[in-house]
Amino acid sequence: MDYAKRLERVSVLGAAGKMGSGIVLLTALEMADLSLDPAHRGLEFVLNAVDVSSKALGGLMKYLHAQVLRAAEKKAVTLRKVYEKREDLVENEEIIRQYVDDVLAIVRPTTRLESATDSRLVFEAVNEDPALKVKLFGAINTQGPGDTWFLTNTSSIPIHELNEKAGLGGRLMGVHFYNPPAVQKLVELIPADTTLPELAEFCREFAKKLRKTVVPSHDVAGFIGNGHFMRDALHGLAEAERLAKEYGFTDAVYMVNKVTQDFLIRPMGIFQLIDYVGLDVCRFILGVMNDRLPGRHLHSPRLEALIAKGILGGQFADGSQKDGFLKYEKGRPAGVYDPDKGAYAPIAELAARCDPRLGAPPKAWKPWKAVIGDAQRSEYLDGYFRELRGAATTGAKLARAYGRRSKEIGLGLVTDKVAAREDDVNTVLLTGFYHAYGPINAYFD
Ligand code: 3HC
């Protein structure tokens with residue numbers, strides 16, 4: 001079966017979730033492009049967007065409409081060529097509207113899992129729960145024709161384990177997108193030992209057509225991305241606990257978050273990133289890794305305690321950020337959670353107390369967004385980190401220690417043979433987490 005035929009009938013499970021909605025968007029765009037190609041006349045492209053919540057599916061359709069419209073506006077010139085034979089489409093707006101209709105017509109939102117049984121490709125993006133994934137794969141596999149290919153967006157569960165437990169006979173591949181899938185360039189590809197070579201090849205082609213950067217990861221719990229992120233997050237949590245003894249918990253969280261965002265020039269501080277991913281999602285991933293990597297102690301009592309209080313982070317259906325370690329107003333951090341008081345300490349008060357303690361970042365400092373857009377980024381970073389290495393402020397010392405640990409984690413992933421090369425670790429952080437530089441660098445020794 002060729003590439004287009006395989007993509008003629010697709011289902012995405014967990015379609016209305018954070019990752020699922022991005023995967024539906026990208027897959028629907030690719031399917032629409034195939035359907036509009038005269039070479040595929042006669043094929044009927046259908047994408048079942050399967051989710052347990054019909055309300056969330058309503059939100060998915062709104063998200064798709066807005067995003068497809070943006071995509072169409074960006075490629076209006078190409079679309080004019082695609083629709084050149086349609087004499088009824090003259091104005092740009094008509095062409096754009098037609099494309100949006102064509103993409104959305106492919107997507108069939110449904111709460112019925114059975115819709116997926118006649119799919120040739122099933123992309124799973126449900127919760128990070130091994131038993132749930134195995135149950136869904138097993139149900140579709142036994143009711144379907146037996147030659148369905150399965151992709152999983154699992155961010156931590158070994159692919160060989162899911163393949164064996166669901167009895168898929170090598171028809172499963174890990175295809176791990178990063179949040180938000182429409183923005184992050186990375187797709188981490190994880191074949192199990194038994195994954196069919198033609199399925200692995202299809203996944204490479206699919207990722208390439210989506211214009212993603214592909215990094216292969218070995219089939220080890222957490223893979224490269226979460227192998228780094230989870231350890232980085234645990235380090236942030238440990239640093240905060242250490243600083244809390246001197247300054248109190250809210251000050252410590254503020255300080256570590258500020259150092260990891262500003263001093264290290266990252267898009268988000270580590271606590272904002274944990275909130276963005278979701279405390280409960282992080283706990284799920286840590287649980288999977290901890291069970292499968294004995295002796296690594298990958299867990300956090302602080303995370304457990306906050307989750308028990310219902311502090312979860314993650315996003316609302318409209319994409320806005322829920323409170324977690326930090327409180328958010330208009331998407332920006334506005335407070336830090338104080339577990340003793342069960343309330344958020346205002347960020348302005350924390351800044352007034354903690355910023356003088358940290359000291360100013362190096363003079364060359366620029367915000368992350370300016371750095372990723374800098375044509376001379378590498379020269380800029382050399383100069384910035386030279387200054388950071390020479391600085392004696394508490395902020396600079398914390399940043400250097402953090403950068404060193406981040407590098408050590410990256411190198412450990414190569415030593416443990418999760419990543420084949422140092423470059424792969426760096427590419428994952430650059431393209432999956434939008435970092436301005438890779439963790440394995442000459443800035444921290
Ligand atoms: N869908 C589509 N587009 C989105 C989007 C979404 N859900 N969220 C943001 N965008 C777009 C915005 O529309 C905007 O587009 P534009 O530049 O064309 O206007 C662009 O992304 C930038 O967004 P904003 O201007 O609103 O905000 P920022 O510049 O701060 O960028 C961010 C937001 C892209 C999320 C950036 O902060 C970032 O990359 N943060 C790090 C996120 C990260 O580390 N992700 C990986 C998490 S780990 C993971 O996913 C693995 C999993 O297994 C746990």
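Note that ligands are numbered from 1 as they come in the structure, with each ligand's atoms numbered from 1 the same way. Start at 1 with the first residue, then count along the sequence.
- Checking atom 37 (O) of ligand 1 against the protein gives a heavy-atom contact under 4.0 Å.
- For G225, the heavy-atom gap to ligand 1 stays at 4.0 angstrom or more.
- Counting only distance, with no hydrogens or angles, the side chain of E188 and the backbone of P216 share no donor-acceptor pair below 3.5 Å.
- On a distance-only criterion, Y434 and ligand 1 share no N/O pair closer than 3.5 Å.
- Shortest contact from atom 47 (C) of ligand 1 to any protein heavy atom: V277 CG2, 3.8 Å.
- Between Y276 and ligand 1, a contact under 3.5 Å exists for no N or O pair.
- Figure legend: K366 and Y384 shown without cation-pi pairing, the cationic atom not lying both under 6.0 angstrom from the six-membered ring centre and within 45 degrees of its axis.
- Looking only at heavy atoms of the protein, atom 46 (C) of ligand 1 is closest to G432 O, 3.3 Å.
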Checking salt bridge (Lys or Arg N to Asp or Glu O under 4.0 Å) for the pair D416/R296: CA distance, chi angles, key distance, verdict?
CA-CA 12 Å; D416 289 348; R296 299 297 174 104; 3.0 Å; yes
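- The residue from Y443, Y380, W365 that alone fulfils the ring pair (Phe, Tyr, Trp, His ring centres under 6.0 Å) condition with F385 is Y443.
- For atom 32 (C) of ligand 1, the nearest protein heavy atom lies 4.0 Å or farther away.
- The nearest protein atom to atom 10 (N) of ligand 1, hydrogens excluded, is given as V183 CG2, 3.4 Å; this is a heavy-atom distance.
- With a 6.0 Å cutoff to the six-membered ring centre and a 45° limit on the axis angle, R302 counts as a cation-pi contact of F249.
- Shortest contact from atom 30 (O) of ligand 1 to any protein heavy atom: W368 CZ3, 4.3 Å.
- When the options M230, H176, Q67, Q184 are ranked by their closest heavy atom to atom 42 (C) of ligand 1, first place goes to Q184.
- Side-chain atoms of S406 do not come within 3.5 Å of backbone N or O of G403 as any donor-acceptor pair.
- Nearest to atom 5 (C) of ligand 1 among the protein's heavy atoms is P180 CG, 3.7 Å.
- Distances between N or O atoms of N226 and those of ligand 1 include at least one value under 3.5 Å.
- Between the N48 side chain and the S115 main chain, a donor and an acceptor come within less than 3.5 Å of each other.
- Within 4.0 Å of atom 20 (C) of ligand 1, not a single protein heavy atom is present.
- The aromatic rings of H176 and Y178 are tilted relative to each other, their planes meeting at an angle between 30° and 60°.
- The shortest separation from a heavy atom of E128 to ligand 1 is not under 4.0 Å, leaving the residue out of contact.
- In terms of protein heavy-atom proximity, atom 23 (O) of ligand 1 is closest to K369 NZ, 4.8 Å.
- When only non-hydrogen protein atoms are considered, atom 1 (N) of ligand 1 lies nearest to Y63 OH, 2.7 Å.
- For atom 28 (P) of ligand 1, the nearest protein heavy atom is under 4.0 Å away.
- Salt bridge absent: E73 and R70 never bring a charged side-chain N and a carboxylate O closer than 4.0 Å.
- The main-chain N or O of D445 is never found under 3.5 Å from a side-chain atom of K407 such that the two would form a donor-acceptor pair.
- Counting protein heavy atoms under 4.0 angstrom from atom 51 (C) of ligand 1 gives one or more.
- Nearest to atom 13 (O) of ligand 1 among the protein's heavy atoms is R70 NH1, 2.8 Å.
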